[in-house]
Structures are given as structure tokens and as C-alpha cells.
A.B. asks: 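Here it is: the structure, laid out below.
Just so you know, these numbers use all the heavy atoms, side chains as well, and skip hydrogens, waters and symmetry mates. Each chain gets a letter, A, B and so on, in the order its sequence line appears, and its residues count up from 1. Please read all numbers here as calculations on a predicted model, not as lab measurements.
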Amino acid sequence: MNLHQKLESEIKKAVSKIYNANLETVELQPTRKDFEGDITAVVFPMLRIVKGNPAQIGEAIGNYLLENVSEVEKFNVVQGFLNIVLSDSYYLDFFNSVEDFSTFGHVPQGNEALMVEYSSPNTNKPLHLGHVRNVLLGYSVSEIEKAAGKKVYKTQIINDRGIHICKSMLAWERFGNGETPDSTGLKGDKLVGNYYVKFDQEYKKQIEALKSEGKTEEEAKVQAPIIKAAQEMLRKWEAGDEDVVALWNKMNGWVYKGFEETYKSIGVDFDFYYYESDTYLLGKDIIEEGIKKDVFFMKDDGSIWCDLTKEGLDEKLVLRNDGTAVYMTQDLGTAVQRVKDHPDVGGMIYTVGNEQDYHFKVLFLILKKLGYAWADNLFHLSYGMVDLPSGKMKSREGTVVDADDLISQMAETAREISEELGKIDDFTEEEKEELYKMIGLGALKYYILKVDPKKRILFNPEESVDFQGNTGPFIQYTYARIQSILRKAASTSIGDGTSAPLGDGTSAPLGDGTSAPLGDGTSAPLGDRFPSTSVTLSIDSAEGTMHPKEKKLIKILQQYPETIQLAAENYSPALIANYTYDLVKEFNSFYQNIPILATQNETEKAFRVKLSSAVAEVIKSAFALLGIQVPERM
RNA sequence: GGCCCCGUGGCGCAACUGAAUAGCGCAUCAGAUUUCGGCUCUGAGGGUUGCAGGUUUGAAUCCUGCCGGGGUCACCA
């Protein structure tokens, strides 16, 4: 039982003892900044059950807690808010109880698996900024769910067949002159993407030509020879035509290689791949099953539908009258197939843009109606578009921000900034490149993940992404700085033995100059001694109090496990990002305001070093949940 | 038009799912280094939370109606 729960039950006890009433719930929240206290109990809701003056009730409960809960040191009541102050030793005990901050807050893996689908690209064009958002979200949510104790299978369904694929195949066949990634030095996905664009250009030309012959736009679109040829190619593919299938395999192979490079560069991976060419025929057996269960019905023309009007939606087609599958059929089939393949899967997350909100609403509803146990644990991780200042991104019109270009551009910006600082002049070129990429990616990932997925992002490539303030590099910088301190701490204690290596002339004047005024100026709420006997790392300096900045840091560290839990429940990397920022901001304030290595008292110094180290571990751990690496130096 | 999502200082975002004086970053202004990394820190100015009602002891948050932006209403995926 954690303290939160303990306080809750003690408050209930207090109310039942004093007022002979039973509280259903107790509202606890962190104390507001400008009031003294750590946790605040809100009295107002109790008034429904307990009659009286909120302030008096708060006072009575406070006194009860003071006597019965050892962690409670004092309290104050403001209006209907009971502000509870916890003792320093409570925080120290917590801090000392954590064995390893690098795994702190992570829950051991349970048996139930969650399948997370993300990326799911078409194989006719390279990945762009929109995919980047998708991939970052999917990967991060996977990591968060893992940390919260889920077994996670990362997967994607690759849209590797269909008319759009045939378009780039046809264009390559006609205009490609046998070009390959090797012969051109282009990444495979880029090469294929170029032919997709080429097809469209040719198609448009033909449409114009037909229009000038007096055809309407509609007619021209249907009659253009090149589109007919593409359709013919699709028919051949479906019939298993050897040449077409060979070409299809060859070109998709190029694309996959290109994709893998991009994924590797972004730093994401997958456990399983599903290909639409394998799954597009799935789902028909489910249709029959659905008819038997009366979930689906047949219309006069033989097409199969699902009636969702009772649920406030409309009727949805699930199978064409010629017996061929539609998008919904495939998704039904694929979902069921996934559980067949991996029976431990108890839920799925689909990372797909919000233009498909309706589709997934319907998909989930149908699966529920069909009675699958796991259908209650489906979540559409829906996210808004990434817009450019020029408007929407359109592959065919070349108005996209290419993922690979974007990554190298971010690294370039990182280089420019890094070189000014000049802290890594002794790095080799490769080390530098790696670092720039780490920082550039950190900026990009954080920029995208810190905002609510539902919101649209306007991405301006001109302005590039910030490196100061609430950004990835700011947090990476703080981590690197802590590492610098830890290196120094290690070298001083190893260097001269442990006896007196620390004074060395610098600490004396510094300690005097800075620590005294700060300690006094900000320590208003403190002034009490904690029992130094009961803790391994206590502070027995002259004052005998924990510095408010230290206490605040520990307080934030303590919130990490619940933050992971909350982020997992809400599928929200943004919560992790914001948490990390709060932690870092607090550390920087701590760092700026009180000495660490220059601390005179040895115990206190060791404590501060350990605290810094813990902060660094948590930064690293939290950033790993976002898929962002942190450098030892930068 | 029906349904869904979004609207918070100039800009970009928060607000622990209904609580105290709505926080933070960028930008602006004023300060801080005889200290461990100044990509830092301390402070100031800047808000009738799109508008109007309603519920509540209490609303950015819940309900209703508008306004603005986006999405979706395919036998495309």
C-alpha cells in the first residue's frame, strides 16, 4: 500500500470516527504550488455526507492524521483544502528504498500480450513526415505498455498489392530502362516512388490528350490507356501471372530494403510483419460466421451488410455481391488471424491517422458483435495530420517532407549548434556524426511526441525544430551535464582515496558564498529535523534539514511509476514527455541554486551526487520510452 | 447537410480527467557565473480558456445551441 492509499483510508477512518459517516471516495491531489504542503485533501465533496464548516472538518481530519500517520508532519487548512506536509524522512526513506533507478517504475511483464500495429505503409512511395509521426507514436506507446507490464508485439501490415502498386510497376517497366537501386545509387523506396510519380505524370498527359479530343474529364480518366494497362496488370497479378509476380517481388524487395534503412535510422523495429497480399482474402469465413450469428445480413443483390443503425451508425458493407472482399472484410479477417497466430494476444492497438476514425469505430463494433473476447481491448491510436505551411502533403505532387531528408536535416542543425559549444572537439568524426543524429532525432521525436496525438501539427521545415526550452536536446543536455558531474565525482574519490580529496581549495570559499543564503532564504517550510538514525543517506549538516530543492526533486522522482501507468492507460507518450521536462527543469534549478561537488559535508555531498545520478537514470529511462537516446557528452 | 475531432496570452503547448490566483516554453524586457557544462538559472509584462446559456459549493474540463478550422460520410485502402 502506498502512502496515497494509506492517507485515503486513514481519512475515511477519521471521518467515520469523528462524524460517524462513511466516505465513498477521498479526493487527493498534489498541493498547489504557493501553499505549504505535499498532498492536499479536498474537503468540499465530503460536505454531502458530513454537515459542517469545511475548515473545521479539515482541521479535525488533519489532527487525526497527525496523530495516526507517522509520515504526516504537519498540516494547514485553507478554505476547504487540507494541505498535508510530509516529513523529510518519508522522502528520504523512499529515495533510499529504490535499488535501481534505471528500472524504477517498470512493472514486470505479465502474460497478456498486446499487439501494436504501426507504420503500415504502401510500397509505392518512400516514408514521409506523416509516417514519422505514426511510427514514433506506435513505437513509443509500445515501449510504454511494456514498461507498464504488458507483453507487446510490434507489427505492421504492409499494403503491398493493389492498383497503386501496379502503377509504379507499369511505369518502371515502360520508362525504367532496367534501372535498379544499384545502378542508380538510389534507395529502393525512392526509386520506386519516382516511378509512381512518373505514372501520374503520364496519366495526366493522356487525360489532357483525351479531353482535347472532346471527352469529358470522367471519360478521360477511365479511358486513358495507361490506367487500363495498370488495371490489366492487377488482373494478371491476381491470376498469378509469373512475369508480373516476379516484377512485383523485385520492386517490393527494393522498397523493403529502403524502408528498413529508414526504420533503422529512426530507431524503430517490428516483431512481426503482415502483408496485405497474404491477408486480402481473409475474412470471408468470418462473414459466414456472422451471418449464422445474425450479425450480418444479405441484401437482395447478394451483398452482405452489417446493420449498425441501433448503435447510431449506418449500414456497413462487409462483402461485395460478387463475393470479393472490401477493406472492412480484410481488417476483420486480419484481426482474427492475428489472435490465431498469437493466442496470448488480449488486445490490439492500431496506430492509424484520424481520417479513419469511423472505420475503426465500425471495425471494433463488429468484432464485439461477433463476440470475440479480446474485442473489448481494441484501441485506435488516432492522430492528426501533419500539415505543412503550404498545405497538405501529397506524394503525387511532390509536396512531401521525406523522412530520410528530414532526419539528415535535423542532424545538420544539431551539428551547427554543437560546433559552437565545442565540448566534443576530441570526438572522432564518426562519434560526432552519431551524436548529431542523436540530438537531431531527439529534437524531432520530442517535438512530435510531446503534443496530444489528436491535435494536428503544423510543421514548418524552414524554422526547423527548437533546441531550447521544452525540447529533446534541452533534456539531453541536462543528462550529459549530470554525467559530467558524475565523472568528476568518481575521479575525485578514486584519485586521492576517500580521505580529504574534496576540499582542494575550491570548495571552501564556494560553500560559504552560495549555500548559506540559499538555505536560509528558501527553507521557510522546513526547520524540522528528521531522524538521521533511520536512514542510510541522511543529511546531518549544521541545519539538519533537507533542502527544498532536494525534496522537490525526490517528490518528482516518486511520481515516475504512476506517470508510466497513466501514460499506458491513456496511450500517451505526451505524459512521459511532460513528466521528463518537469523533472529536468527542477533539476536545473537544483543544480543552479545549490552546490553538488562543492558541498562541504561529505554525507550531504554523497547524497546530492546520488540524487543527481538518480535523476539521470530516470531521464534516460523515460526517454527510452519515447525512443530517444541520451548522450554521455554533447 | 449527418456524424467525429480540434479551438487556452503574439506563436507552440500543459492543466493529474470537476477544484484554490489557468501553468510552461519561444519571443519581449530586467537580472545572475572568483562553482560542478550559460544549450543554464532568477524575475517582469502579456488571458473575460472561440461565443451564449445551463448543471454544480466549484467549469478550460460536464450538458445544450451557435461560430471558426479539419476529417469523414466509396462495392478505395
A.B. asks: Is Thr40(A) side chain donor-acceptor paired with the rA20(B) base, going by distance under 3.5 Å alone?
C.D. replies: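 Between rA20(B) and Thr40(A), which were checked side chain against base, a qualifying N/O pair under 3.5 Å is present.
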
A.B. asks: Looking at every strand, decide which applies to Lys454(A) at a 4.0 Å heavy-atom threshold: base, sugar-phosphate, or nothing.
C.D. replies: sugar-phosphate

A.B. asks: Taking the P atom in each of rA15(B) and rA20(B), what is the distance between them to the nearest angstrom?
C.D. replies: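 Comparing P positions in rA15(B) and rA20(B) gives a spacing of 14 Å.
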
A.B. asks: Is it the case that rA20(B) (base atoms only) and Asn83(A) (side chain only) share a donor and an acceptor within less than 3.5 Å, ignoring hydrogens and angles?
C.D. replies: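 In this structure, the two groups form a donor-acceptor pair.
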
A.B. asks: Could you go over nucleotides 9-11 of chain B and give all protein N or O partners under 3.5 Å, atom names and distances?
C.D. replies:
none

A.B. asks: rC76(B) C1' sits how many Å from His359(A) NE2, rounded?
C.D. replies: 12 Å

A.B. asks: With the 90 degree cut-off around zero defining syn, does rU64(B) come out syn or anti?
C.D. replies: anti

A.B. asks: Contact class for Gln356(A) vs. all strands (heavy atom < 4.0 Å): base, sugar-phosphate, or nothing?
C.D. replies: base

A.B. asks: Atom CD of Glu27(A) to atom C1' of rA59(B): distance rounded to whole Å?
C.D. replies: 14 Å

A.B. asks: Please report the distance, rounded to the nearest Å, between CD1 in Ile457(A) and P in rG12(B).
C.D. replies: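 About 12 Å, once rounded to whole Å.
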
A.B. asks: Under 4.0 Å, counting only non-hydrogen atoms across every strand here, what does Pro54(A) touch: a base, just sugar-phosphate, or nothing?
C.D. replies: nothing

A.B. asks: Going by modelled atom types, is there a donor-acceptor pair between the base of rC73(B) and the side chain of Asp357(A) at under 3.5 Å?
C.D. replies: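 It does not, because no donor-acceptor pair links the side chain of Asp357(A) to the base of rC73(B) below 3.5 Å.
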
A.B. asks: In whole angstrom, give the distance that lies between atom CZ of Phe44(A) and atom C1' of rG58(B).
C.D. replies: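 About 7 Å, once rounded to whole Å.
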
A.B. asks: Treating primed atoms plus P, OP1 and OP2 as sugar-phosphate and everything else as base, which nucleotides of nucleotides 40-46 of chain B get B, S or - for protein heavy atoms under 4.0 Å?
C.D. replies: BSS----

A.B. asks: Nearest-nucleotide wise, let me know which of Trp305(A) and Arg48(A) is further upstream toward the 5' end of RNA chain B.
C.D. replies: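 Comparing both residues, the 5'-ward one is Arg48(A).
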
A.B. asks: If we only count heavy atoms from C-beta on, is the Phe590(A) to Leu611(A) side-chain gap below 4.5 Å?
C.D. replies: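 Yes, at least one pair of side-chain atoms sits under 4.5 Å.
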
A.B. asks: Just checking Leu421(A): base, sugar-phosphate only, or nothing, at a heavy-atom cut-off of under 4.0 Å?
C.D. replies: base

A.B. asks: Under 3.5 Å, is there an N or O donor on one side and an acceptor on the other linking the side chain of Asp34(A) and the base of rU21(B)?
C.D. replies: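 Checked by distance alone, the answer is yes.
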
A.B. asks: Is the side chain of Arg133(A) donor-acceptor paired with the backbone N or O of Ile448(A) at a distance under 3.5 Å, no angle test?
C.D. replies: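 Answer holds: no.
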
A.B. asks: If I pick the C1' atom on rG18(B) and the same atom on rU35(B), what distance separates them, to the nearest angstrom?
C.D. replies: 47 Å

A.B. asks: Once you apply the 3.5 Å cut-off to both distances, tell me the Watson-Crick or G-U wobble partner of rA44(B), or none.
C.D. replies: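 rU28(B) is the nucleotide pairing with rA44(B).
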
A.B. asks: Indicate yes or no for a side-chain donor-acceptor contact from Tyr591(A) to the backbone of Ile482(A) under 3.5 Å, with no hydrogens or angles considered.
C.D. replies: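 Side chain of Tyr591(A) to backbone of Ile482(A), a donor-acceptor pair under 3.5 Å: no, none is there.
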
A.B. asks: Taking CG from Leu82(A) and P from rA20(B), how many angstroms apart are they, rounded to a whole number?
C.D. replies: 16 Å

A.B. asks: Which one of Asn354(A), Asn134(A), Thr351(A) satisfies the side chain to side chain donor-acceptor pair (under 3.5 Å) criterion with Tyr383(A)?
C.D. replies: Asn134(A)

